[in-house]
Protein chains: 2
Amino acid sequence: METTTRSKVTIYQVAAEAGVSISTVSKVLANKAGIRTATRTRVNEAVERLGYSPNLMARGLMRGQTGIIGLLFPYIAEQLLIDPHLLRVIQGIEETLNERDYNLLLATSKDTLNPASSFERLLRGHYFDGAIIIETSEIYGMDLHKLLEQQNRPWVLMGYPAGLLRCYAVYADEFMGGQLVADHLLSLGHRRIGLINARPQPSGVGERVRGFQKVLDAHQIILDESLVAFGNFQEESGYRAAPLLLQRPDPPSAIFAINDRMALGVMHWAHENGLRIPEDFSIIGFDDIPAAATSHPALTTVCQPAVEIGRETMRLLFRLLEGEKPPSHIIVGTELICRSTTAPLKASGLLAS
Amino acid sequence: METTTRSKVTIYQVAAEAGVSISTVSKVLANKAGIRTATRTRVNEAVERLGYSPNLMARGLMRGQTGIIGLLFPYIAEQLLIDPHLLRVIQGIEETLNERDYNLLLATSKDTLNPASSFERLLRGHYFDGAIIIETSEIYGMDLHKLLEQQNRPWVLMGYPAGLLRCYAVYADEFMGGQLVADHLLSLGHRRIGLINARPQPSGVGERVRGFQKVLDAHQIILDESLVAFGNFQEESGYRAAPLLLQRPDPPSAIFAINDRMALGVMHWAHENGLRIPEDFSIIGFDDIPAAATSHPALTTVCQPAVEIGRETMRLLFRLLEGEKPPSHIIVGTELICRSTTAPLKASGLLAS
DNA sequence: TTATATGTAGAAAGCGCTTTCCAAACAAAG
DNA sequence: CTTTGTTTGGAAAGCGCTTTCTACATATAA
C-alpha cells in the first residue's frame, strides 16, 4: 500500500529522482542506445521507486499513433447471441493484440437510426491506429469505409466482403464447408438429400449452399426443389421446416441445415415425432455452436476456425500498419466435425425402399 | 469521395480557413460563451468544409481526462459462453456510455500466468477515466483494486463483491431470486422439492440457494439432504444429476436447478426417460438464458435485469467521476419468468400418493 | 600535441489541443 | 471628451511525452 506513489508521477519526477534529464529517461524507457549502463539502471531504479508509468495519451500524441485498435462491432449483443463463434474471433484478436502492445477499443453502435454515428465519432477522433470491422448486414448501409478511407487508416473486414470487394478481409471458406457437407453425405451413400436454407441470407452463408450444390452437381445429383425448405436461422424455424421434409411420402435420407440452430430444431421435431437420428435420417449442421456438441445425439457439423480467423485478422491489420502491401483477402479453411447425427444410408431409411 | 479532406487536418487549418485564431476555434467547438454568432458560424463552416474533427489524444492530454472507460473483463470469451446475460450487461453499459461522449476500452486478459499484466498496462497508462470490472472468480486473485486505488481512479465492480466489500458494486438480487423460486413452487403446492446446486460456486450464486432456503425455512419445510444434487453449471451435469433425484422411490415433485443450463439438462434426461414436464414434475431454472425461452416446454426461470445492471453500473461510475459520493452497493431486483415447466402439485406427482 | 572520431547526456522544439489572461474595440455613462 | 464597463478575439503557456540536434567528454589517430 505505502508505495512512494503519489498522485501524478510524470517523467519529470523520474528525471529529478534519477538526477538526469527527461530525454534520458525517455530514452531508457524506449530502450534506445547511447545511454551508459550505470545511468540506465539509475533511471530504472527511479522508475521503480516512484511507480512511474508513462502517460499513453501524451506518448500517442507525440508518436502520432495511439496503440489502440478499434473494433467496430455493430449490435454486439444481438450478434453474439446469434453467432457465439464471433466470441472466439474476438479472443483470437485479443491474443494477437496482446502480443504486441496494442489495446482494443470496442465500438458497438446500436443506434438504429444512424448506426454510424458512434463509430464515426470514434473514427474521426484519431483514437485508433487501425480498425477491425465485424461484418454484419448492417454495416453495408453505413458509409463506414468511406469514412475509414477519409481517415487514411488501415482497416480490415472480418467477414465476407459482399459488395465491398475492394477492401482487406478475412473470412472462413464457407464454400468449402458446403463441399465438405456434400462429400460427407455422399460418401455415406445418401443420394436423396434435403436442404434447409434460409433467407434473408447474410453474404457468406450463400457460399455454403453454393459449395454444397457444386459437389452435388459434380455427381450429377439433382437437388430436388421440393426438398428445400427455408428458415430464418432460428431453432424454431428448423422445427417448423422439419415436417415439410420428413412427413412427405418420399422423405430425404439426409438433411443439410445451413446452420446448427435450425438443425437442432429439426432434431427436436424428429425426437418429438418418434424419428430416430441417425437411424431414420442423417442430419448435418453448420457453425459448430456449443449446443451442437451437447445435443443428443451430438450434431455433425462444420466448424469455422474462429480463433484463427481472429488471429489472421489482427495479423493482416498489423501488416497494414507496418506499411506492407499484404494480400487483400485471407480465407481460412473450414472443417467437418463428424459426430453422431450422420450414418451410412443402409442403416437409414424412412422409406422401406 | 472528393471532399476537401486531405491527410491531417488540425485546429490550425480550421483557424486559417476561418480567418481566426485557434483559441477561437477551440471555444466554438466547446460551445463557450463570448464568441459573436457571425464568427461562430464562420468557424463552423470551416470545420464542415475541411471535415475537421479534434484529435482526442491531444484533447485528453490537455483536459486531463480521456473520455475512455475501461472495461476489465477477464476471459471474456469463456465467460460469455457461460453467462450470455453478461452480453446484455455490456449492452447496457454501452448505451449509457454513448449518451455521454465516452468510449469503451475493452481489456480481456487471458494470460493465465499473470492475468493482471494486460490490465495493469492499461490501468497504469492513464488511458481511462474510470473502470468497470466484471466480476469473475479470477479477479480476486489479482491485486486489481490495489492497482486501481494507486491510480486514483474510480471503478465499480459489476458483480457480487465477495471479499471485496469496500468497493462500489452493482449486482442482481440473487437472494431475492431464490426467494421467488421458493415462493412460486410453494404457491403451486409443492412441498417435496429437489435442488440442483453446484460447486465450486461463484460468489453470488450462493445467494440463490440462501434465498431459496430462507423461504423454505419460513414455511418450516425441510430441504431433504438426499434431494440435493451437485453439478457444475453445465447442461451435462444437470443431465447426470436428474436420475439421482428422479429415479428415487420418493422423487421430488419439483426441482430447482440453480441455473438454466442444468435445468435444461434435467429436462433432457426427463424427456429421454419418458417423464413429462410439468405433469410428472415441475422444474425451474435461473438466469433466463435464451435457450430457456425456446426449450420444449419453455422453462420457468428467474431473470436478472442484465441491461439494467449495465446501465446502473455506468451510472454509478459517472457519479463517481463527477465527484459525488454515491451509495456503494446497488442491488437490482430479479424477476420470475413463469413459463411452462411449472404446474400445481395436483397435476403432478410421480408418486401415486 | 593537435585533429578527429566516438560515446553520452541535455536543451529545445513540438505533437494538437485547452485555457487563462490580456488587449482591443466598442458602447454606455459621467 | 474622458472614464468605465462589456464584449470579443488572440497570445501564450502548458498537458507529458519523443526526438532531433547540439555540446561536452573521452578515446583514438596523426
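Since this is a predicted model, take the numbers as computed values, not measurements. Below, chains carry the letters A, B, ... as their sequence lines are ordered, and counting in each starts from 1.
- Remark: P of D:dC17 and CG of B:Asn55 are 17 Å apart, rounded to the nearest angstrom.
- If you take CZ of A:Arg63 and C1' of D:dT18, they are 8 Å apart, rounded to a whole angstrom.
- Between the B:Glu135 side chain and the B:Tyr160 main chain, a donor and an acceptor come within less than 3.5 Å of each other.
- The residue among A:Lys27 and B:Met62 whose nearest nucleotide of DNA chain C is located toward the 5' end is A:Lys27.
- C:dG16 atom P lies 18 Å from atom CZ of A:Arg59, rounded to whole Å.
- In this model, no side-chain donor or acceptor of B:Ser21 finds a partner on the base of D:dA11 within 3.5 Å.
- No donor-acceptor distance shorter than 3.5 angstrom exists from the side chain of A:Asp129 to the backbone of A:Ile69, with no hydrogens or angles considered.
- A:Ile22 comes within 4.0 angstrom of a nucleotide base, judged by non-hydrogen atoms across all strands.
- Per the geometry, CG belonging to A:Leu61 stands 4 Å off C1' belonging to C:dC15, to the nearest Å.
- Following rounding to the nearest Å, A:Tyr127 (OH) and C:dC17 (P) show an atom-to-atom distance of 13 Å.
- Taking a 4.0 Å limit (strictly below) on heavy-atom distances, residues 32-41 of chain A reaches DNA chain D at A:Lys32.
- Side-chain contact of B:Thr24 with B:Ser21: a donor-acceptor pair under 3.5 Å is present, judged by distance alone.
- Base contact: A:Ser23 has a heavy atom under 4.0 Å from a base atom.
- Put simply, CG on A:Leu56 is 18 Å from P on D:dC15, counting in whole angstrom units.
- Atom CD of A:Gln65 and atom P of C:dG16 are 14 Å apart (whole Å).
- Listed by first then second residue, pairs satisfying ring pair (Phe, Tyr, Trp, His ring centres under 6.0 Å) with a partner in residues 88-108 of chain B read B:Tyr102-B:Phe318, not counting sequence neighbours.
- Looking at heavy-atom distances under 4.0 Å, A:Ser26 makes contact with a base.
- Distances were taken from every side-chain heavy atom of A:Thr24 (C-beta onward) to each of C:dC17, D:dG16, C:dA9; the shortest belongs to C:dA9.
- Residues passing the side-chain hydrogen bond (donor to acceptor under 3.5 Å, both in side chains) test with A:Arg319, sequence neighbours excluded: A:Glu324.
- Distances shown here put every side-chain N or O of A:Tyr12 at or beyond 4.0 Å from the OP1 or OP2 atom of C:dG10.
- Side-chain atoms of B:Tyr168 and B:Ile133, non-hydrogen and from C-beta on, never get closer than 4.5 Å to each other.
- Using modelled atom types, one side-chain atom of B:Arg42 and one backbone atom of B:Ala18 make a donor-acceptor pair closer than 3.5 Å.
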